[in-house]
Amino acid sequence: MTATTSLDPTGLVDPAVHAAGAQHEIWRWMREHSPVHRHEPTHLPAFWSLTRYEDVRAVYRDPGRFSSASGVLLRPTRLREDPGAGMTLALTDPPRHKELRNTVADWFTARSVRALEDAMRGMVRAVLAQAVEAEEADFVHDVAGRLSIYTIGHMMGVPEPDHETLFRWTNEAFEAGVSLAAHQELMLYFIDLMDRRTANPADDLVSMLLGGTVEGELLTEEEVLLNCENLVGATENGRLALAGAMQAFLENPGEWERLREDRSLLPSAVEETLRWTSSATHSMRTATEPITLHDQRIARGDKVVVWVPSANRDESIFPAPFTFDISRKPNRHLALASGEHFCLGATLARAQARILLSELLDSTEKIEPAAAPTPVHSIAVNGPEHLPVHITGK
Ligand code: HEM
């Protein structure tokens, strides 16, 4: 599948266009000329594209008119509805959504994340020590991926000796571009973990889901399992954002030196890496009523897709949006969404980035590209699939 011209919006459904970095020119054109753009059916259903910051934000903040319950990602028409529809955190609407979110929200508060910081710092030190010793690493696989999966494994109550296996299985699924639900060993592992926690509840996410009630009813086994999958799957964004942050600094070494010189820039640097990477490429919603937007008439039941990296490069909101500036302020990016479905892992993702960057500055003298990065091929997430680096320790 190839777009006819470099500015052809139909190119947005082609992972190769995203991998080649050609999507930003298309979005720039759409923000200016076609902010509510109709895509006719291909292997995907028909949908509307929104590319401007204000429109993307408004959709995220209006779950009443823009429903998540039948899916939040574009799926080929030949596939059935998303198996988590109406059941997982990401795929439910209020009021059910809020109750479901409350069953696990405690684990994601600032206080809970602070309590995890020592454990995360320990994980970062261990993975960096290995990379420094080897003097080279695939930053995606060896550093960002391990950190993301080990952390969620720890939170879910996966025993530490199994973290590496969990990491291998999730990698197999992510690399094959299939959902985690399609990975049988992983799903069987979670079913077994659920059985163990039903017998012996512990202080972890799986036990919380098992004990959680929505509308006065315990979650079914299927709902618990699908929510486990949702939580582990959501960390793919974390991995891509951390690795994308490293890539941004490798491509802008002046900003890395700035951060080395002035650590007070760390919080704004983390926000800028989130804006810059915008690793969740799109979210989809279904209109629950007819909506007119910029003179276009969206019908009830129509699919509406918001493109997050486009919103975060909107020139009417961000001065010099294509400049990676670690002191950017204000920086009200939408990388973690907004409103009802605001990323549950936001505080965690920010803490991981802060810890990883500060440990990198502390423990390394130099980090350089060892080869060109390979991008992921996807229209749902973006970032490096592989990021080979040379690392020199202090
Ligand atoms: C920097 C990395 C991350 C990015 C860019 C990101 C982005 C997002 C976005 C855009 C959404 C909204 C999706 C939608 O409503 O259609 C979301 C939701 C969510 N994220 Fe993240 N995420 C990140 C890291 C994480 C991590 C580490 C976790 C931890 C488990 C996580 C868990 C979730 C969950 C469970 C939801 C669904 C929340 C709900 O529907 O109430 N995310 N994330």
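Counting starts at 1 for both ligands and their atoms, following the listed order. Small disclaimer: the values here were computed from a predicted structure and weren't measured.
- Between Arg114 and Glu117 there is no salt bridge, since no side-chain N of the basic residue sits under 4.0 Å from a carboxylate O of the acidic one.
- Around atom CG of Asp203, no more than 12 heavy atoms belonging to other residues, nucleotides or ligands sit under 6.0 Å away.
- With Thr109 contributing its side chain and Ser112 its backbone, the two residues share a donor-acceptor pair below 3.5 Å.
- Contacts between Thr277 and ligand 1, counted as non-hydrogen atom pairs separated by less than 4.0 Å, are absent for every part of the residue.
- Electrostatic pairing of Glu81 and Arg75 does not count as a salt bridge here, judged by no charged N lying under 4.0 Å from a carboxylate O.
- Checking Lys98, Arg285, Glu340 against atom 15 (O) of ligand 1, the nearest heavy atom belongs to Arg285.
- The closest approach between Asn230 and ligand 1 stays at or above 4.0 Å for every heavy atom of the residue.
- A salt bridge is defined here as a Lys NZ or Arg NE, NH1 or NH2 lying under 4.0 Å from an Asp or Glu carboxylate O, and Arg125 with Asp362 fails to meet this definition.
- The single protein non-hydrogen atom nearest to atom 28 (C) of ligand 1 is Gly345 CA, 3.6 Å, given as residue, atom name and distance.
- Look at Glu272 and Arg258 and you find no salt bridge, because none of the NZ, NE, NH1 or NH2 atoms lies under 4.0 Å from a carboxylate O.
- The closest protein non-hydrogen atom to atom 32 (C) of ligand 1 is Ala234 CB, 3.3 Å.
- The proximity of Arg101 to ligand 1, defined as any non-hydrogen pair under 4.0 Å, is limited to the side chain.
- At a 4.0 Å heavy-atom cut-off, ligand 1 touches Val72 through the side chain alone.
- Remark: side-chain polar atoms of Thr198 are paired, donor with acceptor, to backbone N or O of Met194 under 3.5 angstrom.
- Summary of contacts: the protein heavy atom closest to atom 3 (C) of ligand 1 is Asn237 CB, 3.5 Å.
- Side-chain N or O atoms of Asn252 include none that pairs as donor or acceptor with a backbone N or O of Glu255 at under 3.5 Å.
- Here is the list of ligand 1 atoms found below 4.0 Å of a heavy atom in Gly238: 2 (C).
- Considering only non-hydrogen protein atoms, atom 40 (O) of ligand 1 sits nearest to His341 ND1, 2.5 Å.
- A distance-only check finds a donor-acceptor pair linking the side chain of Ser207 to the backbone of Ala202 [under 3.5 Å].
- Of the heavy atoms in Cys343, both backbone and side-chain atoms come closer than 4.0 Å to ligand 1.
- Scanning the protein for heavy atoms near atom 27 (C) of ligand 1, the closest one is Leu348 CD2, 4.0 Å.
- For atom 10 (C) of ligand 1, the nearest non-hydrogen atom from the set Gly383, Ser278, Ala335, Ala245 belongs to Ala335.
- At a threshold of 4.5 Å between non-hydrogen side-chain atoms, the residues Val36 and Leu50 count as touching.
- When non-hydrogen atoms are compared, ligand 1 lies under 4.0 Å from neither the backbone nor the side chain of Met284.
- Residue contacts with ligand 1: His97 is included, with a non-hydrogen atom under 4.0 Å away.
- At a heavy-atom distance under 4.0 Å, no atom of Val308 approaches ligand 1.
- Residue Ser283 has at least one N or O atom closer than 3.5 Å to an N or O atom of ligand 1.
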